[in-house]
Amino acid sequence: MSDVMIRVPAEVRDQLAAVAEARGTSLRALMQDIAASTLTPQQIKERAERTRAVLAERFGHDVSDEESAEMRRKMREATAAHRAALAQVESSR
């Protein structure tokens, strides 16, 4: 296993350390979990293509580019709303 140094602002380091502590894990293990669960753009594209193929094969539904774009828009909105709600909870503490 090789080591790598990543420079981040102190507040980011402190946030990551707090998350690791809350999860009962090390900062190294937290970073490994984040890296393992974060998809690259190519992986996202491949997953979308597999999903389209499954929907077509099993359900007879060909997802159009417009439907796909609309779903991405809705997911971005939902993610933004979720993050806003989390920020509101954090600010009320």
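This structure is a prediction, so every number in the text was calculated from the model and none was measured. Because only heavy atoms are used, hydrogens play no part in the values below, and waters and symmetry mates are left out as well, while side chains stay in.
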Value for CZ (Arg76) from CE (Met71), rounded to nearest 0.5 Å, stands at 12.0 Å

Any chance CD of Gln88 has more than 12 other-residue heavy atoms, nucleotides or ligands included, within less than 6.0 Å? no

Carboxylate-amine/guanidinium proximity below 4.0 Å for Arg52 and Glu49: no

For Asp33, is there any backbone N or O sitting under 3.5 Å from a side-chain donor or acceptor partner on Ser37? yes

Answer yes if Val19 and Met31 sit in the same cluster of Ile, Leu, Val, Met, Phe, Trp and Tyr residues linked by side chain heavy atoms under 4.5 Å apart, and no otherwise. yes

Interatomic distance, Ile6 atom CD1 to Arg13 atom CZ [nearest 0.5 angstrom]: 14.0 Å

Sub-3.5 Å donor-acceptor pair from the side chain of Glu57 to the main-chain atoms of Val54, do we have one? no

Val89 backbone acceptor or donor facing Ser92 side chain under 3.5 Å: yes

Nearest 0.5 Å, what's the CG-CD distance between Leu27 and Gln32? 10.5 Å

Value rounded to 0.5 Å, distance of CG in Leu39 from NZ in Lys45: 15.0 Å

Indicate yes or no: at least one non-hydrogen side-chain atom of Arg73 is less than 4.5 angstrom from one of Glu77. yes

With a 4.0 Å cut-off on N to O distance, would you call Arg28 and Asp3 a salt bridge? yes

Out of curiosity, His82 NE2 to Thr79 OG1, how far, rounded to the nearest 0.5 Å? 8.0 Å

